[in-house]
Amino acid sequence: MWMMMLIMLLLLVSNGEEVGGSSGEVEDGIISRNLLANGLALTPPMGWNSWNHFQCSIEEKLIRETADAMVSSGLAALGYQYINLDDCWAELNRDSKGNLVPKSSTFPSGIKALANYVHSKGLKLGIYSDAGTRTCSNTMPGSLGHEEQDAKTFASWGVDYLKYDNCFNTGTNPKERYPIMSQALLNSGRPIYFSLCEWGQEQPATWAPKIGNSWRTTGDISDKWESMISCADENDRWASYAAPGGWNDPDMLEVGNGGMTTEEYRAHFSIWALAKAPLLVGCDIRAMDNVTLALLSNKDVISVNQDKLGVQGKKIKKDGDLEVWSGPLSKNRTTVVLWNKGTSSATVIAYWSDLGLNPTAVVKAHDLWTHSIQRGLKGNISANIESHACKMFVLTPQ
Ligand SMILES: *[C@@H]1O[C@H](CO)[C@@H](O)[C@H](O)[C@H]1NC(C)=O
Ligand SMILES: *[C@@H]1O[C@H](CO)[C@@H](O)[C@H](O)[C@H]1NC(C)=O
């Protein structure tokens, strides 16, 4: 405990410099960092969250089985580590001492036992609360005014991650409500990832890097193409604020929930990876089909998301429905997504000038979905792409 607090103190001191709006830029070869003093999220978090598939229908057996499936499917070995409860895990009211109480009908063994189980699988447990008087489902209390107590409760249970929602917020500005929980988590004696979920209302990218490991930039995603592309676009506006330690969050993945085609889900996963978004799976991983598993298991796409440089890729070109998204990676590499949002197949092209590459560069392109390699590319990369599909590459100068 004391050692941990000492480490936190050292992090606090070493991170004391303001980097402001230039966080995420590479200056003089030094990678800047966002500032939260818990030392977490040097790369975007990977894991699972209960909401997109199960909403309020969660209970401890489901969560244990999900942890089992995370390991047996091979996803855990690829870096997916958080098993995150969303809304509806607690009783309607606090106990006589003001503590949150796990719902006895659905979590009879309690959250500490669940955390122990999840930890025994080599995974981490996340929990959910709200910066208001009630959570969004209105089935449990929120943490507003109880931040220190709830943060200590979560720490005592062995919780590793908190998603903090924005319902029943008394009309108080999020810039006042969220820092209190951030500090309470830092005071709790346990490193707990802090995920702000104020839906992008007060431009959180401009203030949340100091207090959170990620901040939602959008309203809730739904399992539809239009929703997914709009989350990607809204999130993209804030790209320059992301950096190791603090990330923009366009909401959790819908891959595998059935509302989009395979190509739409491939684009969803590719763009989330390129944008350094949290990769929180939102389907029932106990019952994934092999296409879903193959999408979520692409090591090359995951390694773009987890690249140590930690610079969010962005939309760099738009020609009607044809888009190019790109960003720098470590080792002088560049990632590119050629994306056809139109209703019929089309050729999408990115020129070296679009990508900020030297005009004379000769490039090797690794296609992260077909695993094929093109060598000797000069001046551009292009592909014919089906409706709503994308191609994703890593370019390396030869
Ligand atoms: C999924 O399984 C089916 C039949 O079991 C097989 O035909 C198909 O190739 C598999 N797809 C992937 C992506 O593994
Ligand atoms: C794209 O680059 C290739 C060489 O890699 C070249 O043959 C082709 O003409 C270029 N296309 C355009 C539209 O510039």
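Each ligand, and each atom within it, is numbered from 1 in the order the structure gives. Side-chain atoms are counted along with the backbone in the values below, which use heavy atoms only and exclude waters and symmetry mates.
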message: Tell me the protein heavy atom at minimum distance from atom 4 (C) of ligand 2, and give that distance in Å.
response: K378 O, 3.6 Å

message: Using a 3.5 Å cut-off on N or O atoms only, is Y351 in polar contact with ligand 2?
response: no

- request: Kindly state if atom 7 (O) of ligand 2 has a protein heavy atom within a strict 4.0 Å cut-off, that is, under 4.0 Å?
  value: no

field: Numbered atoms and elements of ligand 2 in range of I349, under 4.0 angstrom, heavy atoms
entry: 13 (C)

- request: Verify the distance criterion only: is there a donor paired with an acceptor across the side chains of N257 and N52 at less than 3.5 Å?
  value: no

message: Testing the 3.5 Å rule here: is there a donor-acceptor pair between the side chains of D86 and N49?
response: yes

- line: The protein heavy atom nearest to atom 9 (O) of ligand 2 is N380 ND2, 4.8 Å

Whether W89 and W157 hold their rings parallel, tilted or perpendicular, with breakpoints at 30° and 60°: perpendicular

message: Taking side chain to side chain contact (heavy atoms under 4.5 Å, CB included) as the definition, give me every residue that meets it alongside K299, ordered by chain and number, with sequence neighbours left out.
response: L78

message: For a quick check under 3.5 Å, do T218 and E234 share a side-chain donor-acceptor pair by atom type?
response: no

